[in-house]
Amino acid sequence: MGRSLRIAMISEHASPAAVLGSTDAGGQNVYVDELSRHLGRLGVQVDVFTRRDAPDLPEVLPWAPNVRIVHVAAGPPAPLPKDELWPLMPLFRDRMLEWLRRNGLRYDVIHGHFWMSGWVAIELRRRLSVPVVQLFHALGTTKQRHQGSADTSPSARIAVERQIVREVDRVIAQCPAERAELLRDYAADAARLVSIAAAVNPQRFRPVPRAWARAQLGLPLERPIITYVGRMLPRKDVRNIVRALALLVREGVAPAPLLLLVGGETADADPRATPEIGVLQRLTTELGVRDLVRFTGKRQPDELYLFYGAADVVVTTPWYEPFGLTPLEAMACARPVIGAAVGGIRFTVRHGVTGWLVPPRDPQALAVCLRRALSQPDLRLRMGRAARRRVLRAFTWPLTARRTLALYEALATHQAQAEPAALAVNG
């Protein structure tokens, strides 16, 4: 049945076609892009509905075999912060319904990504009687717990998320921590939770010789290198890594490591465009490690393997992380990862096997772990190889796509069996 399925994905702020690395363009964009492409290769027809954020975008953009992006005119055709999109969702719903009717399309399953798209999805479910799958990518209760007054989410978010959990047919949890949060904070029905991990592309993120990667990037061949890849936001707590580096220097670790910080809104690491870069630059100066930190600015997925490959160890220590794709990218590049023991990182990084887990907001613990990692090249090599094996075994997009397709097929089959029965009762 899978080859005849037609799926509507809704991803209101995260288009597969977006340039990655900016504040609102990250893991969700990658997820929707990779999942839709791999479903298309399995013969599934996928339409991804996202908000038009530029005036020159076509209404329908052919994206990959069997995959199209449909740009929905809701609000100004310009980029807007995702937290400002909530008032536009009724219009998004209406314009999407108009497009479906105009094109005479009916979908077997609607798949909502993020909470605002989930609201649109359950609105369509009521009108079209189509089963809905929801993937939140991040949960409002968790964000509020960790960010407090810094959380800029609309006030309706958590109530809407609870409504979505009650009404959709299935909710996908990407890791055990997310499943636990759905059960604890949202009273989710365990029977309607499905565990399907996100993934990484092991052809794009691949091992290369460390010396070769450093030569390509103009980096020193002998100095230890610590790498961070990701968005430059306070919750990612890159400041924690800088503080740990300063502790290593203070303790006399020699040679002093170079810290490579990859990310930002622009390719030239502009502190005006990315305020967190300005905060980090000032911090490096205050701590006396400015000469040991390189800001690369935004880099795109096809070149990231070089930055991972140049590293001795990759570090990511956010306050919270719903899933986190960058640890998997580093692991696919056969590099050990030191990660904060939060969210999805606790699931992807195997402590003592593919890397280490440390408490968040604890530069001393991170410094201890970094010192151990940088002093044991043979251990780093073994961990890197184990990390690559773990990715190939459990975190590839073909595997995620097959599991997701099986979920779609089960829901579509159930819907197809239920409709004749409903007609018989009502007839």
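Count residues from 1 along the sequence.
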Undergrad: Which word best sums up how the rings of Tyr308 and Phe205 line up, parallel for under 30°, tilted for 30 to 60°, or perpendicular for over 60°?
TA: perpendicular
Undergrad: How about Arg403: does its CZ atom have over 12 heavy atoms from other parts shown lying under 6.0 Å from it?
TA: no
Undergrad: Is it possible for you to check whether Arg51 lies under 6.0 Å from the centre of the six-membered ring of Phe92, through NZ or CZ, and within 45° of that ring's axis?
TA: no
Undergrad: After noting the C-alpha distance and the side-chain angles of Arg239 and Glu276, does the key distance pass the salt bridge (charged side-chain N to carboxylate O under 4.0 Å, His left out) rule?
TA: CA-CA 9 Å; Arg239 303 174 204 182; Glu276 186 66 12; 2.7 Å; yes
Undergrad: Between His137 (side chain) and Phe114 (backbone), is there a donor-acceptor pair under 3.5 Å?
TA: no
Undergrad: State, with a plain yes or no, whether a side-chain heavy atom of Ile338 is found less than 4.5 Å away from one of Val313.
TA: yes
Undergrad: Using a 3.5 Å distance criterion without hydrogens, assess whether the side chain of Arg380 forms a donor-acceptor pair with backbone atoms of Met383.
TA: no
Undergrad: Is the backbone N or O of Pro202 less than 3.5 Å from a side-chain atom of Arg388, with the two atoms forming a donor-acceptor pair by type?
TA: yes
Undergrad: Please check if atom CZ in Arg223 has more than 12 non-hydrogen atoms from other residues, nucleotides or ligands closer than 6.0 Å.
TA: yes
Undergrad: So, Ser11 side chain and Ala14 main chain: donor-acceptor pair closer than 3.5 Å or not?
TA: yes
Undergrad: Dump the intermediate steps for ring pair (Phe, Tyr, Trp, His ring centres under 6.0 Å) on His113 and Phe136, then the final yes or no.
TA: CA-CA 6 Å; His113 293 269; Phe136 283 105; over 10 Å; no
Undergrad: Could you tell me if Thr317 and Asn240 have a donor-acceptor pair between their side chains, going purely by distance under 3.5 Å?
TA: yes
Undergrad: Do His38 side-chain atoms and Glu34 backbone N/O form a donor-acceptor pair below 3.5 Å?
TA: yes
Undergrad: Is there any side-chain hydrogen bond (donor to acceptor under 3.5 Å, both in side chains) pair reaching into residues 171-186, and which pairs are they, with sequence neighbours excluded?
TA: Thr141-Asp185, Thr141-Tyr186, Thr142-Glu181, Arg145-Asp185, Glu161-Tyr186
Undergrad: Decide if atom CD of Gln163 counts as having more than 12 heavy atoms of other residues, nucleotides or ligands within a radius under 6.0 Å.
TA: yes
Undergrad: Can you tell me if Arg385 has over 12 outside heavy atoms packed within less than 6.0 Å of its CZ?
TA: no
Undergrad: Evaluate the criterion salt bridge (charged side-chain N to carboxylate O under 4.0 Å, His left out) for residue pair Asp151 and Lys143; output intermediate values, then yes/no.
TA: CA-CA 7 Å; Asp151 181 7; Lys143 185 176 183 183; 3.7 Å; yes
Undergrad: So does Arg350 have more than 12 non-hydrogen atoms from other groups sitting under 6.0 Å from CZ?
TA: no
Undergrad: Taking Glu167 for the side chain and Ile164 for the main chain, is one N or O donor matched with an acceptor at less than 3.5 Å?
TA: no
Undergrad: Identify the two heavy atoms, one from Val32 and one from Pro16, that lie closest to each other, and give their separation to 0.1 Å.
TA: CG1-CG, 3.8 Å
Undergrad: Show, in sequence, the C-alpha distance, side-chain angles and deciding distance for Phe323 and Phe347, and conclude whether the side-chain contact (heavy atoms from CB on, under 4.5 Å) test is met.
TA: CA-CA 8 Å; Phe323 185 79; Phe347 173 56; 4.2 Å; yes
Undergrad: Any side-chain heavy-atom pair from Val48 and Arg68 closer than 4.5 angstrom?
TA: no
Undergrad: Give a yes/no verdict on a cation-pi contact between Arg361 and Trp319, requiring under 6.0 Å between NZ or CZ and the six-membered ring centre and an angle within 45° of the axis.
TA: yes
Undergrad: Mark yes or no for whether Arg206, through its side chain, and Tyr305, through its backbone, hold a donor-acceptor pair below 3.5 Å.
TA: no
Undergrad: Which heavy atom of Pro220 sits nearest a heavy atom of Ile225, and at what distance?
TA: O-CD1, 4.2 Å
Undergrad: Would you call Pro377 and Leu381 a side-chain contact if the rule is heavy atoms closer than 4.5 Å?
TA: no
Undergrad: Which pairs with one or both residues in residues 362-372 pass side-chain hydrogen bond (donor to acceptor under 3.5 Å, both in side chains), sequence neighbours excluded?
TA: Glu251-Arg371
Undergrad: Going by atom types only, do Gln45 and Asn66 share a side-chain donor-acceptor pair under 3.5 Å?
TA: yes
Undergrad: Are the side chain of Arg192 and the backbone N or O of Val168 linked by a donor-acceptor pair below 3.5 Å?
TA: yes
Undergrad: Compare every heavy atom of Arg210 with every heavy atom of Ala310, then report the nearest pair and how far apart it is.
TA: O-CG, 3.8 Å
Undergrad: Is the backbone N or O of Ala311 less than 3.5 Å from a side-chain atom of Arg335, with the two atoms forming a donor-acceptor pair by type?
TA: yes
Undergrad: Provide the closest heavy-atom pair for Asp33 versus Trp63 in the form atom of the first, atom of the second, distance.
TA: OD1-NE1, 2.8 Å
Undergrad: Check whether His71 reaches the backbone of Pro58 with its side chain - one donor and one acceptor, N or O, closer than 3.5 Å.
TA: yes
